[in-house]
Student: 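Handing you a structure now.
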Protein chains: 2
Amino acid sequence: MDDIAPPADATPRHDEAPRLRRLSLYEVVAERLREMVLEGELPPGGRISEKKLCETFEVSRTPLREALKVLANEGIIELLPNRGAKVTEVEPREVADLFEVMVELEGLSGRLLASRADEVAIAEIRDLHDRMMAHYRQQERQDYFALNQRLHRRLTEIAGNRVLLELEASLTVKVTRARYAANLQLGRWEESAREHQAILEALERRDGEGLARAMREHMRRTGEAVIQGLVDG
Amino acid sequence: MDDIAPPADATPRHDEAPRLRRLSLYEVVAERLREMVLEGELPPGGRISEKKLCETFEVSRTPLREALKVLANEGIIELLPNRGAKVTEVEPREVADLFEVMVELEGLSGRLLASRADEVAIAEIRDLHDRMMAHYRQQERQDYFALNQRLHRRLTEIAGNRVLLELEASLTVKVTRARYAANLQLGRWEESAREHQAILEALERRDGEGLARAMREHMRRTGEAVIQGLVDG
DNA sequence: ATTCTGCATTTTGAATTCAAAATACACGAA
DNA sequence: TTCGTGTATTTTGAATTCAAAATGCAGAAT
C-alpha cells in the first residue's frame, strides 16, 4: 500500500485523528493565555497590556483581542471598557460558591455514571485509578495531578451528559486556578487518595447513591482544603 | 454543606453599580444576535454570512467577529474554521442533558434560598409571584413569561451564589431557545402555575428540602414538556 | 453524462490604519 | 505645598486593507 518511501522532508499525511485542522491564531493565543493565568504568570488583579502581549506572542491585536473576548466569557479575565483587561481575582467567597456548584454537578455525574458505566468503562477507570495511585506512592506530584484531572474528566464523559461535561470542563479551569492560588498542600493527598478509593468501590458496586455521595464528598473536601489554603495564604 | 466562607455581611445586593457606560459595539451586536437566534430569525443549522450581517447591522467585521466569538463560547453558534459560522442545532438529546443539569442547579438554588431568604426577600418574591399570577389569569402570555424569567432570576440572586447565578443565566439562554423551538403550548401553563404555588409555599415555610424538591420538580416537568414539544413538533 | 482540473470569485483570517478615549505630566493658581 | 487645568502621549475601539483559504464554474478528459 503506502510503504513507498516518502520524501524526506514531507510531513506525514496519514496520521493523527480523523480530522486535523490548523487552529486559528486566536485559539492558540487563548490557550496560551489560559496557561499563563492559571500558573500565575499573569498575577490576579494585574492589568493586561494589549501591546505587551502582542509583542510577546508576536501577533497583531486582532487575534489577541478575540482571545481576550473568549477568556472574558470564561470568567478568567475581565474587560474594562476603554481600559483594557485585568486578570480576575481569586476571592475565597467566589471559590466557595464555585465548589458549592461543583459538588452538585459531581453528584449528578456520579448518579449517571452508576447507571451508564459498563464493564469496559469500569475497567478503564480502574486502570486509570491504579496508575494514578502508583504515582501517588512514588510521590510524583505532577503525574498524579495530571492523571487525576484526566480521570475526573473521563468519569464525566462516561456519565454521558454533554452539557455536564462542558460545564465541568469550564469550571475545572477555575478550580485549578484556585488550587494554584492556594498552593494546595500535600497533606490533603492522602485523604484524597482514600476518597478516590471509595469512589472506585462504589462504582464497582454500581451503587448510584453511594457513588454520588462519595463524589460529592470528595469535591466538598477538596473545596474546603482549597479555601483553607486561600484564607491562610 | 457547612459554611466555609467567613460570615460576611448578609447585605442584600440588589445594588449593582449604577455606573452608566456606553456598551462596546461588539456587545450590542452580540445581544442582538442572541435575540435573532433565540427567536429563530436565524434558523438552527443555518450558515451565517459575515458580510450580510455586517450590512444589516451596519458595522465593520471586527466587532461582528468579536461578537461571534462570544456567542460561540456560549454555545449558541459554532465556528467553522475558514468557513464562517452556523447556528447551533437544537437536538432533543442535548436539551434533555441541559434540563438534567438545570434540575440539579435548581435544587441547589432552592436549598440555599430557604436558608438565606429573609422576610423582605420573601415579600418581594411573593409580590412578583402575585403579579405573575395576575398575568396568568388575564392570559397575558408575554407578560407572564417575562415575569416568570425575572422571578426565577431573582430567586437565584437571593440564593446568593454568584457562580450559580451566572451559570443559570447562561443555561437559561439555551433553555429559552429550546422553548421557542418547541413552541411550548399553553397546556403546560396551568400546571406550571400550580408548581409555582408550591414553590412559594415551601419558601414561606422556609422548608429547604421541600423547596429544593419543588423547584427541581418544576424544572423537570418543564424539561419534559419542552422535549415533548421538540419531538412531536 | 460524469468526473476531474484549473482559474476567477468570494469569503475568511490577520495585520494595519485611523479615530476616540484614557492616562501622564507640566504648569500655574490658591 | 496642593489642587486643578490644559496638553502631549499612550492605549483602546473600530474600520480598512491585504493575504490565504474556500467556493463556484467552465471546459476537458473519460
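A note on names: the letters A, B, ... follow the listed sequences, proteins ahead of strands, and every chain is numbered from 1.
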Student: Ignoring hydrogens and geometry beyond distance, is the side chain of A/Arg83 in donor-acceptor contact with the base of D/dG13 at under 3.5 Å?
Tutor: no
Student: Start at the 5' end of DNA chain D and walk down; is the nucleotide closest to B/Arg47 or to A/Arg47 reached first?
Tutor: A/Arg47
Student: Would you call B/Glu104-B/Arg216 a salt bridge at under 4.0 Å N-O?
Tutor: yes
Student: Check B/Leu64 against B/Cys54 and note the closest heavy-atom contact, atom names and distance.
Tutor: CD2-SG, 3.5 Å
Student: Please state how far atom CZ in A/Arg65 lies from atom P in C/dT16, giving the value in whole angstrom units.
Tutor: 16 Å
Student: Find the distance B/Arg61:CZ to C/dT16:P and express it as a whole number of Å.
Tutor: 16 Å
Student: To the side chain of B/Val59, which of D/dT12, D/dA15, C/dT12 is closest?
Tutor: D/dA15
Student: Picking from D/dA14, C/dA22, C/dT12, which would you name as closest to the side chain of B/Glu50?
Tutor: C/dT12
Student: Are A/Leu53 and A/Leu33 side-chain neighbours, meaning at least one heavy-atom pair lies under 4.5 Å?
Tutor: yes
Student: Please compare A/Asn82 and A/Tyr26 by the position of their nearest nucleotide in DNA chain C and report the one closer to 5'.
Tutor: A/Tyr26
Student: What's the CG-C1' distance between A/Leu64 and D/dG13, to the nearest Å?
Tutor: 14 Å
Student: To the nearest angstrom, how far is B/Lys51 atom NZ from C/dT12 atom P?
Tutor: 9 Å
Student: In terms of side-chain heavy atoms of B/Pro63, which of D/dA22, D/dA14, C/dA15 is nearest?
Tutor: D/dA14
Student: So, for A/Ile227 and A/Ala96, which heavy atoms are closest and what is the spacing to 0.1 Å?
Tutor: CD1-CA, 3.6 Å
Student: Per the atom types in the model, does the base of D/dA15 pair as donor or acceptor with the side chain of B/Thr62 at under 3.5 Å?
Tutor: yes
Student: Any idea how A/His196 and A/His218 line up, ring-wise: parallel (<30°), tilted (30 to 60°), or perpendicular (>60°)?
Tutor: perpendicular
Student: Starting from C1' on D/dT11, measure out to CG on A/Leu68 and report it in whole angstrom.
Tutor: 13 Å
Student: Between A/Glu66 (CD) and D/dG13 (P), how many Å, whole number?
Tutor: 14 Å
Student: Rounding to a whole Å, what distance do you find between B/Lys86:NZ and C/dT11:P?
Tutor: 19 Å
Student: Within this structure, what is the CD1-to-C1' distance between A/Ile77 and D/dT12, rounded to whole angstrom?
Tutor: 14 Å
